[in-house]
A.B. asks: 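Supplied in structure tokens, the structure appears directly below.
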Amino acid sequence: SLQLPDGQDLPLPPVILGELGKDPQNPTVCFYGHVDVQPAKKEDGWKTDPYTLTEIDGVYLVIRNLYGRGATDNKGPVLAWINAVETFRALKLAMPLNFKFVIEGMEEAGSLGLEKLLEKENQCFFSDVDYIVISDNLWLSNKKPALVYGSRGNACFFVEVR
């Protein structure tokens, strides 16, 4: 939880840790994704709920305009990994990797609880991880997805002026 300046205790969103496969012959890939939407309140200018897929201006049931807040940052990439695993299972194919998932309700650099969780689970949940994939990217246009193969660094600062 987070202690606010007025003393109020604010619970942090949960972090979901999951794993699929423990074959020692396969490498283990840890996938990270977040499902938050910033800012979350409808009063901040949003027309739809952050976790409801909404049809807006659909035409004749042929063309449907479906809107989902946070679809590219970052619910879509999270769902893509889940769909990939689901496809392997549906086709009864052996998974070439062991998967670990870290899915959270905040987001990487802005997460208030992620660093503490990583430190706590470093020797346990993360002990056999060979690769980490941060799947937090976007589409270049309505028809061109992006494959991000590198990530810039983050630097966060807090400045208090009196």
Side-chain angles (χ1 to χ4, degrees), residues 1-21 29-91 95 97 99-118 120-121 125-126 129 131-159:
S1 66
L2 171 68
Q3 181 99 30
L4 297 177
D6 66 1
Q8 183 183 1
D9 217 22
L10 183 66
L12 296 175
V15 177
I16 299 167
L17 300 178
E19 60 184 325
L20 184 60
V29 175
C30 181
F31 152 77
Y32 167 85
H34 63 86
V35 293
D36 69 317
V37 178
Q38 298 290 335
K41 295 179 186 173
K42 286 176 93 175
E43 303 88 69
D44 292 323
W46 294 99
K47 295 178 182 168
T48 62
D49 181 76
Y51 293 97
T52 302
L53 189 61
T54 307
E55 183 174 359
I56 300 175
D57 298 330
V59 181
Y60 305 114
L61 297 177
V62 176
I63 299 173
R64 298 181 74 196
N65 295 323
L66 298 175
Y67 292 83
R69 286 173 50 191
T72 61
D73 186 12
N74 189 49
K75 293 176 186 134
V78 168
L79 193 56
W81 281 95
I82 293 170
N83 287 338
V85 170
E86 182 181 50
T87 300
F88 269 90
R89 298 188 89 180
L91 295 173
M95 296 265 278
L97 304 164
F99 278 101
K100 292 203 175 195
F101 294 91
V102 178
I103 302 172
E104 70 159 331
M106 295 184 89
E107 55 87 26
E108 69 281 321
S111 178
L112 300 174
L114 186 60
E115 184 176 0
K116 188 181 284 186
L117 175 87
L118 295 175
K120 178 183 169 203
E121 292 292 337
F125 183 78
F126 298 107
V129 171
Y131 305 99
I132 296 175
V133 177
I134 299 175
S135 191
D136 189 0
N137 52 33
L138 51 86
W139 285 43
L140 299 175
S141 72
N142 288 343
K143 296 180 181 180
K144 292 183 181 180
L147 178 60
V148 178
Y149 57 87
S151 183
R152 64 187 180 278
N154 287 314
C156 299
F157 299 91
F158 178 79
V159 177

A.B. asks: For residues Asp9 and Gln3, determine if any side-chain heavy atom of one lies less than 4.5 Å from a side-chain heavy atom of the other.
C.D. replies: yes

A.B. asks: Give the minimum heavy-atom separation between Asn74 and Gly33, together with the two atoms involved.
C.D. replies: ND2-CA, 3.4 Å

A.B. asks: Contact between Leu117 and Glu104 at the side-chain level, heavy atoms closer than 4.5 Å - yes or no?
C.D. replies: no

A.B. asks: Mind checking whether Leu118 and Val102 have side chains closer than 4.5 Å, heavy atoms only?
C.D. replies: no

A.B. asks: Taking side chain as C-beta onward, heavy atoms only, is Met106 less than 4.5 Å from Leu114?
C.D. replies: no

A.B. asks: Applying ring pair (Phe, Tyr, Trp, His ring centres under 6.0 Å), name anything that partners Phe101, two or more places apart in sequence or on another chain.
C.D. replies: Phe31, Phe99

A.B. asks: Shortest non-hydrogen contact from Gly105 to Asp36?
C.D. replies: O-CB, 3.2 Å

A.B. asks: Write down the atom of Leu20, the atom of Met95, and the distance for their closest heavy-atom approach.
C.D. replies: CD2-CE, 3.7 Å

A.B. asks: How long is the gap from CG on Leu17 to CD on Glu121, to the nearest 0.5 Å?
C.D. replies: 6.0 Å

A.B. asks: To the nearest 0.5 Å, what is the distance between CD1 (Ile82) and OG1 (Thr87)?
C.D. replies: 12.0 Å

A.B. asks: Is NZ or CZ of Lys100 both nearer than 6.0 Å to the six-membered ring centre of Phe125 and within 45° of the ring axis?
C.D. replies: yes

